[in-house]
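For reference, the structure is listed below as structure tokens.
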Number of protein chains: 2
Amino acid sequence: MQSDRLYRRIVEQIEDALLRGELRPGQRLPSERELVAQFGASRSTIREALRVLENDGVVRSRPGDKQGPELLPFSTAALARQMTRLVRFEQITIAELISSRMIFDSAAARLAAVLHTADELAEMEAAVASMNAAMPDDLDAFGQADLAFHEAVARASRNTFVQVSDAVVHDVVLSLITDDIDQAQNQVSFMARSAEFHGRILAAIRERDGITAARLSRQLLFDFYANHVSAEQRVLLAALVDE
Amino acid sequence: MQSDRLYRRIVEQIEDALLRGELRPGQRLPSERELVAQFGASRSTIREALRVLENDGVVRSRPGDKQGPELLPFSTAALARQMTRLVRFEQITIAELISSRMIFDSAAARLAAVLHTADELAEMEAAVASMNAAMPDDLDAFGQADLAFHEAVARASRNTFVQVSDAVVHDVVLSLITDDIDQAQNQVSFMARSAEFHGRILAAIRERDGITAARLSRQLLFDFYANHVSAEQRVLLAALVDE
DNA sequence: CTAGGTCACTGGTCAGACCAGTGCGCTTCC
DNA sequence: GGAAGCGCACTGGTCTGACCAGTGACCTAG
């Protein structure tokens, strides 16, 4: 008995064709009505299969597109979505998220210190330079340079999973902590301290001293975020900071 | 203009209801035909929404089930599926996954060393005892005790995100590396070495020496998995091991 | 009180229709 | 000959209504 639902089998057939290389990202799928003919299934069934594939980030359908559904390049977007779900549904505390960032960021720094190429190092240096350039009062540019630095480090870590996790957690943390802008009074001193710290992390990476780079990364996040959580939760973060 | 597709909006409404607690796992959704009435959409549209939710592991539909689609407890199955996908399509290498486990496990050990309660420590001690008890030849019991130890450590870390990520990566790695059973010839020596290592990690946690516990955790995974990846990928793992 | 059958309901699938958009190709005009 | 404008065939999104194989509660016959 074929208990497997038909739309499911169609999904698997298309995924298998991708795995076998018979279909490639960038190519187009036949239009829904042609798929109906090819698979001998009704249009509703074909569409259910396409919705699942679309949800997994495999294809994208656009109305009126004569070329048919597009096979997308493999991306970690669906993975990031599932991780975001995890954060939302598991009721993860802000302290846990910050703690996670300390873990990911420091791991990325440690890996980047050993594995970085000259190009990647140049990217990090440019980001730190941008931070210093934005220093007097351009908080926006400063934030962007900050982000660029951490992204460059994450990329240099050669670990996609760390990279994606770090980005997801980063986004979620920022979306939950909105009052970081409120600290306008000590904005300047914060920027100065942050820039100096980033400079030290960069130096450690340049000298391929992964352990120091990791330690500094944790310290940086702790300094910045520790007072955003209750004292009782702060121990969860402090546990990651070397004495 | 409402360019957002209707089925997409229905998915979001149901997910929002879950987030707000208006719907709970274990409850049932109305039947498709009732949802048609409630949302004022056609059955095809409702079904496309249900397919997406089903694909995300949120609901499960069974034909003939009078109670309607079941709201599932939150699970990381969809997350694991996405990771497996990316590995299959060679967007993520096994080395990256092992590297991630080294990061998660060592972070969990470090946190557990500082944060563990007496109960949790007892759990870890029991697990290590079980490993030693299973030692001569019961590889199955040994593996279970191993898993129990790491789960206890992860739980003691007080970090849900690390805990879940670690578990997911652990499962995916195991499902992808099947030849670890092949090493029957040095099974005994492996078990002895592994048990000894776990004992040392446990001791470090007991003494609340997080840095040592973390270092040993990385070392353990590296020793076990390093020869499962190519030499060129091994440097990605070696970067996490202290000299 | 139980065994068996009926029947209203479920989800899975199908067929056919309409709509708003898109882009190609043709016409028309400069 | 080239550019601007118009159709028109086709796309995906949605709807309607139908049939089927299961399921489970209820009812009836024993």
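Letters A, B, ... are given to chains in the order of the sequence lines, protein chains preceding strands, and every chain is numbered from 1.
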Taking the minimum atom-to-atom distance to the side chain of [X], which one of [options] wins?
{"X": "A:A41", "options": "D:dG13, C:dC14, C:dG11", "answer": "C:dC14"}
{"X": "B:S61", "options": "D:dT23, C:dG12, D:dT14", "answer": "C:dG12"}
{"X": "B:S44", "options": "D:dT14, C:dG12, D:dC15", "answer": "D:dC15"}

Looking at the base of [N], is there any donor atom on it, or on the side chain of [X], that sits under 3.5 Å from an acceptor on the other one?
{"X": "B:R43", "N": "C:dG12", "value": "yes"}
{"X": "B:K66", "N": "C:dA8", "value": "yes"}
{"X": "A:R33", "N": "D:dG12", "value": "yes"}
{"X": "B:R5", "N": "D:dG12", "value": "no"}
{"X": "A:R60", "N": "D:dG12", "value": "no"}

On DNA chain C, compare the nucleotides closest to A:G40 and B:L50; which residue's is nearer the 5' end?
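With A:G40 and B:L50 compared, the 5'-side residue is B:L50.
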Whole angstrom is fine here: how far is it from [atom1] in [X] over to [atom2] in [N]?
{"X": "B:I46", "N": "D:dC15", "atom1": "CD1", "atom2": "C1'", "answer": "12 Å"}
{"X": "A:D4", "N": "D:dA21", "atom1": "CG", "atom2": "P", "answer": "19 Å"}
{"X": "B:L6", "N": "C:dC19", "atom1": "CG", "atom2": "C1'", "answer": "14 Å"}
{"X": "A:E32", "N": "C:dG16", "atom1": "CD", "atom2": "C1'", "answer": "15 Å"}
{"X": "A:R9", "N": "C:dG12", "atom1": "CZ", "atom2": "P", "answer": "13 Å"}
{"X": "B:F39", "N": "D:dC15", "atom1": "CZ", "atom2": "P", "answer": "13 Å"}
{"X": "B:E54", "N": "C:dG11", "atom1": "CD", "atom2": "C1'", "answer": "10 Å"}
{"X": "A:R28", "N": "C:dT22", "atom1": "CZ", "atom2": "P", "answer": "14 Å"}

Measuring to OP1 and OP2 of [N], would you say a side-chain N or O of [X] lies under 4.0 angstrom away?
{"X": "B:R51", "N": "C:dG12", "answer": "yes"}
{"X": "B:T45", "N": "D:dC15", "answer": "yes"}
{"X": "B:S31", "N": "C:dT10", "answer": "yes"}

Between A:E96 and A:T93, is any side-chain donor less than 3.5 angstrom from a side-chain acceptor?
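Looking only at side-chain atoms, A:T93 and A:E96 do form a donor-acceptor pair, the distance falling under 3.5 Å.
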Regarding B:H150 and B:D146, is there a side-chain donor-to-acceptor distance under 3.5 Å anywhere?
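A pair is found: one side chain offers a donor N or O, the other an acceptor, under 3.5 Å apart.
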Of the options A:F224, A:F149, A:F142, which is the one that meets A:H198 in a ring pair (Phe, Tyr, Trp, His ring centres under 6.0 Å)?
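So the option named by the test is A:F149.
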Exercise: identify the closest heavy-atom pair between [X] and [Y]:
{"X": "A:R81", "Y": "A:N55", "result": "NH1-O, 3.0 Å"}
{"X": "A:S157", "Y": "A:L115", "result": "O-CD1, 3.6 Å"}
{"X": "B:S99", "Y": "B:L237", "result": "N-CD2, 3.5 Å"}

Looking at every strand, decide which applies to B:R47 at a 4.0 Å heavy-atom threshold: base, sugar-phosphate, or nothing.
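Base, at least one base heavy atom under 4.0 Å.
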